Amino acid sequence: MEDFLRNLVKVLGVGAAFASIPLFASLAALQPPWPPAIGYVSAGLVLLASLAVWEWTRNSGRVRRRRWVIAATVLTLGGLFVYLVLFSLFVETIADTDMRVVRGFACTPDAQLVYGDACPDLPSDALRDAEWEPLNLWTRSSVTIVRLLLTASWLAFTAGLVAAVGVIVAGSRFSNRKS
Amino acid sequence: MRTVVTFLKAAILCEFVIAYCPALAASVTHQDRIANSIPDETHYPEGYRALRLAADAIEQEELEQEQHALASSSPAVSERPVSRPPALSRRAAEAPPIARPSNLPLIARGVIGRRRLEPLDLFPCRWWLHVTPSTSEPADALLEYTARSVAYVDHRLRSYGYPPQIFEGPVGEYERAMLTLALEAPAHAGERPDGNALPWLTSRVDPLEERLINSLEAGRIRQELNLPIIAHPDNICAVNSMRPHARSYVRAIPADGRVWVIPVFYFYVCRNTVNIPDPWSIDRCRWWREVHPDEASLLVGRQKYQARWRDGAVSRGERTFEDFDGEPVVVHVRRD
């Protein structure tokens, strides 16, 4: 029991260390612009992922752990790639500020009336003319879907990262015990 | 040994004198110069001279900073708010700092002692009027505006090479008229239910500024001086000449006008809608919204505006609101 608690604290420590990644990422303006408290959501998910990985892999064999590491790496790289693509396509930074807005992929009837064939790939001037409110230009459903995809890919990236580290730490403990 | 100690004491004393005395002397001279340049006139209300002294010190500091910034080839004007001179009342002291427009073009280009041919804008966006409308003590507020504006005008004219005999008379008249306004303002504040005298003041200050500009221009032409002309203020303060914050007070000048705004996108929507023949129509284009002079409005991005006065005069235009935080400022829409 004592050994279990000691190792649990160790994994939680690693999880807490990685929970700070979103904070650093936010400093680098990497995190998604939506939802507003994405930093806390990421930190919670990191904690959850570290506990889950610990629970599932602490007694696993080497082969199974390696599969976990490969899966977590794929999740990390895949999540990051998708996130960056979506970010480049749909996130607009307001000039001279650090504020960002998420575009949609389907124009509102009003935007269709003004911009016609340019829809849905509107210039950033369109956002400035519409008070930087994307829902004036794109439908709510399209903006919501993009927001969810951005957030999901970001969370996949952070969860994959902490899972990979968690598996390695748990494996290290397992290996030490075996040896 | 004693000789060595005495020598060291003497050396330290000399070093102190050499290091600090010139600075102290310069400081005293500077303070004296400012104090002597503003005599205590009989028509000055109580406490006004102290405001003038403080405003003069600020302007002097601003000019020196510009000179220094220009010498080091860095941008001359920052977006920091200008500190206020000591206020006459507690209420004035609690009011937010007077915001100075971010890019006063002439100041930014100005060089003390160097030839300047650009028009001289003595009232750039009337920045001393950019305050919150909490003016239940309008006399105090106007005294402060007057001190700042007179100090600003005086320093700018001197730095642009205007001889004092040309501007001292008109500036003195302007100051006297502004002080008279300050005395009348409390009575007019009582005419409005909210006690706000600022609309009344802004409509009175305008002609005084125009008169001062005309007098200075007349003097310059009469004496055939090869100096920069005095610019008349823009109609609106001013498209792309300053960057107001997102929350703004929009006021018509004269104050009996009403102002409406619309995001450019919705203006285009109305323009492209078949059954709306005129996108400037407030009744037909439903996105026009009226902004009230005493309420801070959230204005973001590019906006069209139109102001209408009781006599039927209309002023229209467009401006961009780019900042998203900071203190609210006042935007004036002036009649054509």
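We name chains A, B, ... by the order of the sequence lines, and we start the count at 1 in each one. Remember, predicted model here, so these are calculated numbers, not experimental data.
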Verify, without hydrogens or angle tests, whether A/Thr76 (side chain) and A/Ala72 (backbone) share a donor-acceptor contact under 3.5 angstrom.
-> yes
Does A/Asp121 CG have over 12 foreign heavy atoms under 6.0 Å away?
-> no
How would you list, by chain and number, every residue that makes a side-chain hydrogen bond (donor to acceptor under 3.5 Å, both in side chains) with B/Arg284, sequence neighbours excluded?
-> none
Inter-residue atom distance B/Gln306.CD - B/Trp288.CH2, 0.5 Å rounding = 4.0 Å
Under 4.5 Å, heavy atom to heavy atom, which residues of residues 103-112 of chain A contact chain B?
-> A/Asp110, A/Ala111
Please look at A/Asp125 and chain B and tell me whether the side chain, the backbone, both or neither of the residue comes under 4.5 angstrom of a heavy atom of that chain.
-> neither
Is it the case that more than 12 heavy atoms not belonging to A/Arg66 sit under 6.0 Å from its CZ atom?
-> no
Kindly indicate, with the supporting measurements, whether the criterion side-chain contact (heavy atoms from CB on, under 4.5 Å) is fulfilled by A/Leu150 and A/Tyr83.
-> CA-CA 6 Å; A/Leu150 269 167; A/Tyr83 178 75; 3.8 Å; yes
